[in-house]
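Since the model is a prediction, treat every value here as computed from it, not as a measurement.
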Amino acid sequence: MNSPRSSQSVLTDCGVRLDDEVCVQPTEHAARLLAQGRVTDLGALCGVLLLYQNSVFRQVTARYRGQDAGHVISGALHVAESPGGDVGIVGGFGVGAPATALVLEQLAALGVRRAVAVGTAGALQPDLGPGSAVLCTFALRGEGVSGHYWSPADRAFPSPDLTCRLAQALDDTCDDRFHHGGTWTTDAPYRETRAEVSRHAAAGVLTVDMEAAALFAVARYRDVDCAAAFAISDSLVTKRRTPGRRSPAVTTTLTELADGAVSVLRTA
């Protein structure tokens with residue numbers, strides 16, 4: 001299950017074939033951890049929740065009691081135990097497309113088959129205030145990681161079934177704060193130009209983030225079902241950026257999104 005899809009003889013954006021031999025496989029890292037007894041096969045997990053904000057990771061893991069596996073991957077792994085199924089909660093791995101790709105590769109090599117990422121994003125539409133919840137339905141590929149995993153295309157997509165299940169859960173919990181739509185993924189937050197923001201906003205894109213396109217690309221390549229949801233923390237719509245990352249509304253939405261993700265992973 002950890003091998004790439006067999007139909008990957010096409011060229012990536014980087015001009016190499018998806019089935020070309022690579023120098024280092026994530027399975028090597030997994031095999032070393034398993035041999036040392038530092039971790040067991042994670043295939044028994046219902047899935048994993050990826051959390052970018054460390055404060056939210058601490059809050060969520062305190063509420064979902066279980067076992068801390070430590071930094072057996074490039075992040076901290078907490079296994080939330082439940083009769084309904086165990087879910088891995090991962091944090092402390094940083095932000096951005098490369099960090100997300102690295103940790104998801106390691107998790108997939110250890111047997112993980114489902115992943116939901118929850119983090120913050122910037123608004124590209126005026127009706128999205130701090131604390132709004134957005135389920136991501138596609139990601140414009142403005143970062144560099146997806147080009148190593150995906151054939152040339154403007155967009156990367158999450159898993160339809162898992163995204164639909166998450167939509168149903170969030171619709172029940174987030175009420176009128178819940179939206180769904182596309183994001184623009186970029187790994188250059190200080191090069192988000194007014195022209196780009198205006199173009200994407202006019203096309204109806206809801207948010208800007210730093211990870212979704214990479215998450216979707218790696219997940220597709222490794223046959224992992226994935227979805228992503230954001231809490232709006234700031235806006236790029238106005239001339240003056242309006243950050244709201246410390247807003248209690250943002251923290252509340254992040255924890256609600258995390259709860260929804262855990263629930264969906266246990267029932268998927």
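Screening residues 190-215 for ring pair (Phe, Tyr, Trp, His ring centres under 6.0 Å), with sequence neighbours left out, gives W184-H200. Sorted by first and then second residue, the ring pair (Phe, Tyr, Trp, His ring centres under 6.0 Å) pairs involving residues 108-145 (not counting sequence neighbours) form an empty list. Among residues at least two apart or in separate chains, there is no ring pair (Phe, Tyr, Trp, His ring centres under 6.0 Å) pair with a member in residues 108-136. Within the structure, no pair that satisfies the side-chain hydrogen bond (donor to acceptor under 3.5 Å, both in side chains) test touches residues 124-138, not counting sequence neighbours. Within the structure, no pair that satisfies the ring pair (Phe, Tyr, Trp, His ring centres under 6.0 Å) test touches residues 157-179, not counting sequence neighbours.
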Donor-acceptor pairs under 3.5 Å, side chain of residues 71-85 to any protein atom, not counting sequence neighbours: which ones?
{"from": "S74", "atom 1": "OG", "to": "Q106", "atom 2": "OE1", "distance (Å)": "3.3"}
{"from": "S74", "atom 1": "OG", "to": "Q106", "atom 2": "NE2", "distance (Å)": "3.1"}
{"from": "H78", "atom 1": "ND1", "to": "D68", "atom 2": "OD1", "distance (Å)": "2.5"}
{"from": "H78", "atom 1": "NE2", "to": "Y64", "atom 2": "O", "distance (Å)": "2.6"}
{"from": "S82", "atom 1": "OG", "to": "G84", "atom 2": "N", "distance (Å)": "3.1"}

Kindly list each side-chain donor-acceptor pair under 3.5 angstrom involving residues 28-43, sequence neighbours excluded, with atom names and distances?
{"from": "E28", "atom 1": "OE2", "to": "Q25", "atom 2": "N", "distance (Å)": "3.1"}
{"from": "D41", "atom 1": "OD1", "to": "G43", "atom 2": "N", "distance (Å)": "2.7"}

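The shortest non-hydrogen separation linking A229 to L170 is CB-CD1, 4.2 Å. In terms of heavy atoms, A261 sits closest to L49 at CB-CD1, 3.8 Å. Contact between L140 and A213 at its shortest, heavy atoms only, is O-CB, 4.3 Å. Smallest separation of non-hydrogen atoms from T183 and C136: CG2-SG, 3.5 Å. The two atoms that bring V48 and V87 nearest to each other are CA-CG1, 4.5 Å, heavy atoms only. Shown here for P158 and A227, the closest heavy-atom pair between the two residues is CB-CA, 4.2 Å.
To the nearest 0.5 Å, atom OG of residue S146 and atom CZ of residue R155 are 13.5 Å apart. How far CG of L128 is from OG1 of T207: 8.0 Å, rounded to the nearest 0.5 Å. Taken to the nearest 0.5 Å, the CD atom of E211 stands 10.0 Å off from the CG atom of L50. The CG atom of L18 lies 11.5 Å from the NE2 atom of H148; values are rounded to the nearest 0.5 Å. To the nearest 0.5 Å, the span separating CG on L104 from CZ on F216 amounts to 11.0 Å. The CZ atom of R199 lies 11.5 Å from the CG atom of L124; values are rounded to the nearest 0.5 Å.
Listed for the R113 side chain is a donor-acceptor partner under 3.5 Å among the backbone atoms of D223. A distance-only check finds a donor-acceptor pair linking the side chain of R114 to the backbone of C46 [under 3.5 Å]. The closest donor-acceptor contact from the side chain of D187 to the backbone of G144 lies under 3.5 Å. Side-chain atoms of R222 never come within 3.5 Å of backbone atoms of E105 as a donor-acceptor pair (strictly under, hydrogens ignored). For T185 (side chain) and R141 (main-chain N/O), no donor-acceptor pair under 3.5 Å exists by modelled atom type. In this structure, S159 contributes its side chain and C226 its backbone to a donor-acceptor pair below 3.5 Å.
For A231, the side chain to side chain contact (heavy atoms under 4.5 Å, CB included) partners are V250, T253, L254, L257, not counting sequence neighbours. With sequence neighbours excluded, no residue forms a ring pair (Phe, Tyr, Trp, His ring centres under 6.0 Å) with W150. Evaluation of the side chain to side chain contact (heavy atoms under 4.5 Å, CB included) rule for P189 yields E192, M210 as partners, not counting sequence neighbours. Residues satisfying the side chain to side chain contact (heavy atoms under 4.5 Å, CB included) test with A97, not counting sequence neighbours, are E143, V145, A214. Applying the ring pair (Phe, Tyr, Trp, His ring centres under 6.0 Å) test to Y52 and every residue at least two apart in sequence or in another chain returns F93.
In this structure the side chain of E196 never reaches within 4.5 angstrom of the side chain of T186, judged on heavy atoms. Residues D225 and D161 are not in side-chain contact: their nearest non-hydrogen atoms beyond the backbone lie 4.5 Å or more apart. Looking only at side-chain heavy atoms (C-beta outward), L166 and L135 come within less than 4.5 Å of each other.
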Decide yes or no on side chain to side chain contact (heavy atoms under 4.5 Å, CB included) for H180 and T163, but give the supporting numbers first. CA-CA 10 Å; H180 53 86; T163 299; over 6 Å; no
Start with the C-alpha gap between V208 and V197, add the side-chain angles, then the distance that decides, and say whether side chain to side chain contact (heavy atoms under 4.5 Å, CB included) holds. CA-CA 9 Å; V208 57; V197 169; over 6 Å; no
